[in-house]
Chemist: 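Below is one structure. I have some questions about it.
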Amino acid sequence: MAASELPEDGEPVAKLPPEELIWLTPNEWTIHYWEAAARHQLVVPRCVVCGTYRFPPSPFCYVCQNQEVEWVEQPGRGTVYSYTVAWHPLLPDVRGSVPYIPVVVELPDTGGVRLVGDMVDVRPSEVHIGMEVELVWRDVREGVSVPTFRPARNGQ
Amino acid sequence: MRDRTSVGHDPAMSQPDAAALAAVNDLTLKDKAAVVGIGSTPYYRRGQSVPQTPLELAGKATLAALEDAGLTIRDVDGLALYSFGLGGDTSLFAQVMGIPEVRFTAMLTGGGGGAAGSVGLAASAVATGQATCVVSLMTLQQAVNRFGTSFAPRTQSGGQYAAAATPESNFIQPSGLMGPGQMFAVLTMRHMHLYGTTRDHLAEVAISTRANAIRRPTSLMREPLTRDDYFGARMISEPLCLYDFCLETDGAVAVITTTAERAKDLRQPPVYVMGTANGGMGRWGQAITWMNMPDEYFVSSGHRPVAQRAYAMAGIQPSDVDVALLYDHFSPMVLMQLEDYGFCGIGESGPFVADGNIRWPGGTTPVNTHGGNLSEAYIIGMTHVREAVEQLRGTAVNQVVDAEIALATGGPASIPTSATIFRRP
C-alpha cells in the first residue's frame with residue numbers, strides 16, 4: 001500500500017510477515033490441504049464415520065478415533081475469533097514487516113474449526129472480534145499458498 | 001458473562017468421574033513428602049551467566065540446596081525434572097556431580113508448565129519408596145538463544161530455541177506468531193472482549209509484582225514501576241506491552257524432596273507437599289500453538305482441571321491459600337489463573353485485581369510476593385517454588401504473616417500445566 005494511502009492519523013495498513021519465514025513440511029495427513037491451498041481451494045477434513053471436522057488434519061478423529069476423512073471444500077468466509085497486532089519485531093527478519101496482524105478465524109458450519117493467518121487490507125484499529133472476514137490466498141512461492149483474511153465485502 | 005463459578009463447578013468443563021477422584025483421595029500423596037532444601041545461583045540478565053556453563057549453574061544450585069538441607073550429593077538418589085530442567089541430562093549430571101547411585105529419574109513432558117509439577121514427581125518417587133532424596137532442578141541460560149522466540153521458524157536469527165517447522169506448526173508459523181507472548185496476546189484479546197478486562201488490569205499485575213520485587217535483593221528489577229511507565233512502554237503484541245512480558249534471565253534453582261519421615265531430622269523445618277497435580281484437558285493440547293482449544297476454555301490458563309485435582313488432594317479450598325505463586329510469564333495469565341484457581345469467578349479477575357486483592361501486604365490473596373517472572377527473575381517457574389518454601393519457613397523477604405499454605409503453579413502452557421500446594425509443619 002502506498003504511503004499516500006495512509007490516513008491522516010498515520011496509522012499504518014497491516015503488513016505481512018516475510019515470505020522467507022514460511023516453509024511447509026507437510027506429511028501424509030496435511031499434504032492434501034496444502035495441495036488444495038496451492039489451487040486456492042480451502043478444504044477441511046471431516047470424519048466419514050461421525051462427521052466431526054478436525055483441524056489441523058491429523059490421523060485420528062478425536063471423537064470416534066476413526067481415521068478415514070473426506071475433504072470438504074469451504075467457502076472461505078468466517079469471523080474473527082481473536083487476534084493480536086504484532087508491533088514489535090521479535091526477530092531481525094521481521095523488522096520491515098510490522099505491524100502485522102495474526103488472526104484466528106472461525107469457519108461457520110464446521111463445528112468451530114479455526115484457521116490462523118494474517119489480516120490484510122485493513123488498519124489495526126479496524127480489526128475486532130466478531131468481524132466478518134474472507135479468505136485471500138497469499139502466494140508465497142510456486143506451490144506454496146497460505147491463508148490471509150480481509151474484511152468481508154458486503155453482498156459477496 | 002458467565003455466572004460466577006468456583007473451581008470444580010464449571011459446567012462447561014467435563015469432570016473427571018467421581019471414582020477417579022475418590023481414588024486420588026484414597027491413594028493420596030498428601031503430606032508424605034517434604035521439601036527440605038532450596039538453592040539457587042544468582043539470577044543474571046540474559047547471557048550474563050557466561051562463562052559458566054548450564055551444567056555448572058545446575059550443579060551450583062543443587063549443592064546450595066543440599067547445603068540448605070544439611071545433606072550432601074552422596075544422599076541424592078533421584079532426579080525429578082521437566083523439559084529443559086538440566087544443564088545436561090541426568091546421566092551427565094550424575095557422572096559429573098558424583099551421585100553414588102541413581103534410583104529414580106523421570107521428567108514431565110512439556111515446555112513451560114512443569115516446574116511446580118516436577119516437585120510433585122519427586123514426592124511421588126519418595127512416597128513410593130523408589131528413591132529417598134530427589135533433586136528437582138531448573139536451569140536457564142539464554143546467552144545465544146531466547147525463549148521469547150521459541151516458536152519462530154528455525155532461521156539464522158531464530159536461534160537454537162526456535163522451532164523446526166512441523167506438519168502441525170505449518171498451520172501457525174506462516175502467520176508470524178513466533179513468540180509465546182504474541183500467542184497469549186491472542187487469548188488476552190478475547191478475554192478483554194468477553195469480560196471487559198482492560199490494560200489497567202494488566203498494569204495492576206505488573207505494578208504490584210514490581211512492588212514486591214523492589215524489596216528483594218535477588219530481584220533484577222528494583223526500581224518502582226509507575227502507571228506512566230507502564231502506559232509509556234512500547235507495545236509488543238497488542239494488547240501486551242513491554243511490562244506485560246517477563247524478564248529474560250539466566251540462572252538455576254534446585255529443590256530437594258525427601259520423605260516426611262526423614263524430613264523431621266534435617267536442618268530446615270519441613271515444607272510438606274500437601275497436594276500436587278499436572279496435566280490438563282486433552283483438547284487443551286498444544287494450546288497456543290494450535291488455537292483450536294474448545295470455546296468453553298479457550299480463554300483460560302488451561303489450569304482448571306489441575307487446580308481441581310490439586311485442591312482435592314490437599315483437601316482445601318482456594319480461600320485456604322495464604323500466598324499464591326502463579327507462573328507469570330505474561331501478566332494476563334496471572335489473571336486467568338486467579339480465575340481457574342477459584343480466587344475469583346471466571347471473567348472477574350480484572351475487577352478482582354483492581355480492588356487490591358493480590359497486593360502484598362493487605363490483599364486477600366497476595367500473589368508473587370517474590371517479584372515473579374515479571375520482576376525478580378525468569379527461571380521457568382522454579383523461583384515460585386523457592387518462594388513458597390521461604391514463605392512457609394517464615395523467612396520470605398515479603399513475608400505473609402502466619403502463612404500456612406502456599407500454592408505454586410507452572411505454566412500456562414501446552415499440556416502439562418502443573419501445581420503443587422505446600423504447607424508448613
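Chain letters run A, B, ... following the sequence lines, proteins first, then strands; residues in each count from 1.
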Chemist: So which residue, B/Met183, B/Gln173, B/Met178, B/Met189, ends up with the most heavy-atom pairs under 4.5 Å with chain A?
Modeler: B/Met189

Chemist: Between A/His32 and A/Trp71, how do the two ring planes meet: parallel, tilted or perpendicular, split at 30° and 60°?
Modeler: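 A/His32 vs A/Trp71 ring planes: tilted.
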
Chemist: Can you sort out the partners of B/Arg227 under salt bridge (Lys or Arg N to Asp or Glu O under 4.0 Å), two or more places apart, ordered by chain and number?
Modeler: B/Asp200

Chemist: Just so I understand: if I count every heavy-atom pair under 4.5 Å between each of A/Val98, A/Leu90, A/Ile101, A/Val113 and chain B, which residue has the most?
Modeler: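 Between A/Val98, A/Leu90, A/Ile101, A/Val113, the count favours A/Leu90.
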
Chemist: Checking heavy atoms, do the side chain of A/Tyr33, its backbone, both or neither come under 4.5 Å from chain B?
Modeler: side chain

Chemist: Among side-chain atoms of B/Tyr297 and B/Asp340, is any donor-acceptor pair under 3.5 angstrom?
Modeler: no

Chemist: Specify the closest pair of heavy atoms between B/Gln182 and A/Ala86, including all atoms of both residues, with the distance to one decimal.
Modeler: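 Looking at all heavy atoms of both residues, the shortest contact is NE2-CB, 3.8 Å.
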
Chemist: Measure distances from A/Trp34 to the heavy atoms of chain B and classify the residue's part below 4.5 Å as side chain, backbone, both or neither.
Modeler: side chain

Chemist: Does any non-hydrogen side-chain atom of B/Glu168 lie less than 4.5 Å from one of B/Thr289?
Modeler: no

Chemist: Residue by residue, scan residues 37-45 of chain A and write down, ordered by number, those that have a heavy-atom distance under 4.5 Å to chain B; if none do, write 'none'.
Modeler: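 At a heavy-atom separation under 4.5 Å, chain B is reached by no residue of residues 37-45 of chain A.
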
Chemist: What I'd like to find out is whether the side chain of B/Leu187 reaches to under 4.5 Å of the side chain of B/Phe298, using heavy atoms alone.
Modeler: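 B/Leu187 reaches B/Phe298 side chain to side chain.
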
Chemist: Which one of A/Val146, A/Val116, A/Thr148, A/Leu115 has the most heavy-atom pairs closer than 4.5 Å to chain B?
Modeler: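 Max contact count across the listed options: A/Val116.
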
Chemist: Show your reasoning for whether side chain to side chain donor-acceptor pair (under 3.5 Å) applies to B/Ser349 and B/Glu339.
Modeler: CA-CA 6 Å; B/Ser349 56; B/Glu339 298 171 4; 2.6 Å; yes

Chemist: Taking all atoms of both residues into account, what is the closest heavy-atom pair of B/Pro294 and A/Arg114, and its distance?
Modeler: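 Nearest heavy atoms, B/Pro294 then A/Arg114: C-NH2, 4.1 Å.
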
Chemist: Counting only N and O atoms by type, is there a donor-acceptor contact under 3.5 Å from the side chain of B/Ser169 to the main-chain atoms of B/Ala165?
Modeler: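 Between the backbone of B/Ala165 and the side chain of B/Ser169 there is no qualifying donor-acceptor contact (under 3.5 Å).
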
Chemist: Taking NZ, NE, NH1 and NH2 as the nitrogens, is one of them in B/Arg45 or B/Glu248 under 4.0 Å from a carboxylate oxygen of the other?
Modeler: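 Result for this pair is no, no salt bridge flagged.
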
Chemist: Using only non-hydrogen atoms and a strict under-4.5 angstrom cutoff, which residues of residues 53-70 of chain A touch chain B?
Modeler: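 Contacts with chain B: A/Phe55, A/Pro56, A/Pro57, A/Tyr62.
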
Chemist: For B/Phe330 and B/Phe184, take the angle between the two ring planes, folded into 0 to 90°, and tell me which bin it lands in: parallel under 30, tilted 30 to 60, perpendicular over 60.
Modeler: tilted

Chemist: Measure from NZ or CZ of B/Arg283 to the centre of the six-membered ring of B/Trp290, then state whether that distance is under 6.0 Å and the direction lies within 45° of the axis.
Modeler: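 Not satisfied by the 6.0 Å and 45° rule.
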
Chemist: Which ring-ring contact (aromatic ring centres under 6.0 Å, His included) pairs, counting each pair once, include a residue from residues 83-109 of chain A, with sequence neighbours left out?
Modeler: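 For residues 83-109 of chain A, and leaving out neighbouring residues, there are no ring-ring contact (aromatic ring centres under 6.0 Å, His included) pairs at all.
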
Chemist: Can you tell me which of A/Ile31, A/Asn27, A/Val103 forms the most heavy-atom pairs within a distance under 4.5 Å of chain B?
Modeler: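 The residue among A/Ile31, A/Asn27, A/Val103 with the greatest pair count is A/Asn27.
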
Chemist: Please flag which part of B/Arg190 lies under 4.5 Å from any non-hydrogen atom of chain A: side chain, backbone, both or neither.
Modeler: both

